[in-house]
*Asks:* 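Before anything else, here's the structure in question.
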There are 2 protein chains.
Amino acid sequence: MSQTVDRALSILPLLAEGPADLGQVADRLGVHKSTALRLLRTLHEHGMVYRQSDQRYRLGARLIALAQEAMENLDIREIAHPHLVRLNEQVGHTVHLAVYEEEDVLYIDKVESRYPVRMYSRIGKPVAITVAAVAKQLLADLPEAERRALADKLDYPLYTARSTPNAPAFLKELERVREQGWATDLGGHEESINCVAAPIRGADGRVVAAMSVSAPNVVVTADELLTLLPLVRRTAETISGEYSGRTPVKEVTP
Amino acid sequence: MSQTVDRALSILPLLAEGPADLGQVADRLGVHKSTALRLLRTLHEHGMVYRQSDQRYRLGARLIALAQEAMENLDIREIAHPHLVRLNEQVGHTVHLAVYEEEDVLYIDKVESRYPVRMYSRIGKPVAITVAAVAKQLLADLPEAERRALADKLDYPLYTARSTPNAPAFLKELERVREQGWATDLGGHEESINCVAAPIRGADGRVVAAMSVSAPNVVVTADELLTLLPLVRRTAETISGEYSGRTPVKEVTP
DNA sequence: ATGGACGTTGCAGAGAGTGCAACCGACCTG
DNA sequence: CAGGTCGGTTGCACTCTCTGCAACGTCCAT
C-alpha cells in the first residue's frame, strides 16, 4: 500500500538471510543505490538494522528487543506459563505453547525437558507447520475455506518417512484432529521425537493456542507418551477456562 | 531520513507497549487517521503487525520470526554455544552470552542452571545495563568518549541497595572492569543473585561479547562463585581464540 | 598512476503520500 | 426507531517527499 515502507520492510527478511552490503540490498530490491541507502539509514536510526564493522548491514538489536516485548505482552502466554511449568514438573518432558497467526505457527513459550536428551526448538521459531502436533491442532480449527487454501499453498517437506506428504493427507489429518480434539506428531519431524498436543480455547470456543508435550523415543515410547494425553488435555482445559474468564483468577489492583 | 518509513517504524515500539486502535496510533504519531491506516496496512502486509479480533493492532508474528533469524545468524553465538554448554555442565549454574549494540545490551544465548532455583532472564531481553556483569564488561570496552556520553544518558534504577547509583560510580566501576579484565554483579540487580562475567574479544582485541555465570545466594555464596572466575575467563578466552581465527576450527566445505 | 568498486551527496522532476471531507456501519441513547 | 456518536474506510486534489541520475570521494588492487 505504501511503496516506501513496503520497500523498507522488504529489506528486513533479506537481511535475515545474512549480512548484505548496500549494492546487494539495492539489487534485490530493484531500486537505485541511493534509494536503498536512504531506506537503510532510516532503518538504522530506528535500530532495526545494524552496520557491522565491515560496513555490511544486518538486523539490529532493537528488532530483537521489540520481538521480545511483543511476546511478553501476549496474555495467553502469561496465563498459560505457570500451568506449563506445573505440567513439566509432573511429566518431566519438554512442554511447548504455540499460536497461529496469518499463515505462521510460532512457539511462544517452552519449558525444557528435565531429561538430558532434549529436543531442539526455540521460542519465536516458526514451527514445522505440516507435521508438528501443535500446528495441526491450530490449523484444524481454521474455517474450512481458509484451511483448504492454506493447505494448498504449503510445501510438504519430507523431514522423515512419516512426514505429512501432501495437501490431501494434511487436510484429512486436520479433520481427524478436529474431531478427536487432540493431535500427535509421531516422528514426522524428527525420526525419534513424538509429541502430543491439545487445544486452548477462548470464550467463543475458537482455538487460540495449542500446547504440547514432546519426548524422544529413547526416553519414552510413543505409547507411553500417549498415556499422558489426558493430563495434557486437562491442563489445556484449565488454561482455556482461565483465559476465557470462566475460572475466576485473582484480581490485580491497578 | 525518510519520513514515511520513519513514521511506520515509530508505530512498532508504540504497539510494543500494548495493543492500540487506529485512532490512538494516529494521535501518537501526530498524523491523520487515514495516514496511520495506510501505514498500518503496509506493516500488516509484511506481518509486522497483527489485527486482533477486537480490531486493535499489536505486533505480529513475522517480527518475532525475523528477530529469531537475526539471532541465529550471529556467528559469535554459534561459536560460543558449545563452550557455554560445556561450562554449564562443569559448574551447573546459569550461563549467559550477551552483546552490546548501539546503546542496548542483549542476552543472545543462555544455558539454564541445573539447580532448581533459577534466575529470570530471557534470550533477546535487554539487560539491566547499569548493573549486570555482562553489561559492565561490554561497556567497559567502549571508547572513552562514547562511554562517558552513554553513562550520562542512562537511568540508574535502584533495583537493590547495591545497584550502581549514578554515572560517576558507573564510570569508576567500568574503569575497574577494564583494568581487571572481568566484571561482577553482586546483588546489584536482584538482591540474592550474583554473577561473574568475562569478555570475549575479536582478532583486533575489541570486546565483541561477554559471558557470565549467575547463581543465587541460596546455592553458592558470592565468594564461592568467585572461585569459578578462572574457569569463566578461560572459557571466554577459548571462545575468543576461536572467534578471532587464532584457533583453527574444523573447515566447512561450501 | 590508473582503473574499478563501493558508498555518498545535491538536485530537479514526478510520482507517491498526505490530509480533507464524505461515507459507512455499529453501537448507544432518548 | 430516529438521531447521535464513534471508529474505520474511501476517493480525490494538492503538494511534499521520495526517486533516480550523475558526479564525487575514497579505498583498494593492478
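Quick note: numbers below take in every heavy atom, side chains included, and nothing from hydrogens, waters or symmetry partners. So you know, we letter chains A, B, ... as the sequences are listed, proteins then strands, and number each from 1.
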*Asks:* D:dT17, OP1 or OP2 - any side-chain N/O from B:Thr4 closer than 4.0 Å?
*Replies:* no

*Asks:* Going by atom type alone, with no hydrogens or angles, which donor-acceptor pairs under 3.5 Å involve a side-chain atom of residues 17-26 of chain A and a protein atom two or more places apart or on another chain?
*Replies:*
unit_1: A:Glu17; atom_1: OE1; unit_2: A:Arg28; atom_2: NH1; d: 3.1
unit_1: A:Asp21; atom_1: OD1; unit_2: A:Gly23; atom_2: N; d: 3.2
unit_1: A:Asp21; atom_1: OD1; unit_2: A:Gln24; atom_2: N; d: 3.0
unit_1: A:Gln24; atom_1: OE1; unit_2: A:Asp21; atom_2: N; d: 2.8

*Asks:* Quick test of your reading of the model: are B:Glu237 and B:Arg234 salt-bridged, counting only N-O distances below 4.0 Å?
*Replies:* no

*Asks:* Rounded to whole Å, how long is the line connecting atom NZ of A:Lys33 with atom P of D:dC21?
*Replies:* 12 Å

*Asks:* Using a heavy-atom cut-off of 4.0 Å across all strands, would you classify A:Arg56 as base, sugar-phosphate, or nothing?
*Replies:* nothing

*Asks:* I need the residues from residues 36-45 of chain A with at least one non-hydrogen atom less than 4.0 Å from DNA chain D; give them sorted by number, or say none.
*Replies:* A:Arg38

*Asks:* Quick check for you: among D:dG8, C:dG17, C:dT18, whose closest atom lies nearest to any side-chain atom of B:Arg7?
*Replies:* C:dT18

*Asks:* Taking OP1 and OP2 of D:dG20, is either one under 4.0 Å from a side-chain nitrogen or oxygen of A:Thr35?
*Replies:* yes

*Asks:* Rounded at 0.5 Å granularity, tell me how far CZ in A:Arg58 sits from CD in B:Glu69.
*Replies:* 13.5 Å

*Asks:* Please tell me which of A:Tyr57 and A:Gln3 maps to the more 5' nucleotide of DNA chain C, matching each residue to the nucleotide holding its nearest heavy atom.
*Replies:* A:Tyr57

*Asks:* Check B:Arg147 with B:Glu175, please: is the shortest side-chain N to carboxylate O separation under 4.0 Å?
*Replies:* yes

*Asks:* For A:Glu78 and A:Pro82, which heavy atoms make the closest approach, and how far apart are they?
*Replies:* O-CD, 3.4 Å

*Asks:* In Å and rounded to the nearest 0.5 Å, what is the NZ to CG distance from B:Lys33 to B:Leu40?
*Replies:* 13.0 Å

*Asks:* Would you indicate which nucleotide in D:dT19, D:dG20, C:dG7 comes nearest to any side-chain atom of A:Arg51?
*Replies:* C:dG7

*Asks:* Just how far is it from atom CG of A:Leu139 to atom CG of A:Leu171, taken to the nearest 0.5 Å?
*Replies:* 10.0 Å

*Asks:* Taking side-chain contact (heavy atoms from CB on, under 4.5 Å) as the criterion, tell me which of B:Leu43, B:Thr4, B:Thr42 meets it with A:Asp6.
*Replies:* B:Thr42

*Asks:* Are A:Arg62 and B:Asp104 within salt-bridge range, i.e. N to O under 4.0 Å?
*Replies:* yes

*Asks:* Mark yes or no for a side-chain to base donor-acceptor pair under 3.5 Å between A:Ser34 and D:dC21, with no hydrogen or angle criteria applied.
*Replies:* yes

*Asks:* I need the NE2-C1' distance between A:His32 and D:dG20, as an integer number of Å.
*Replies:* 5 Å

*Asks:* Under 4.0 Å, heavy atom to any atom of DNA chain C: which of residues 16-31 of chain B qualify?
*Replies:* B:Val31

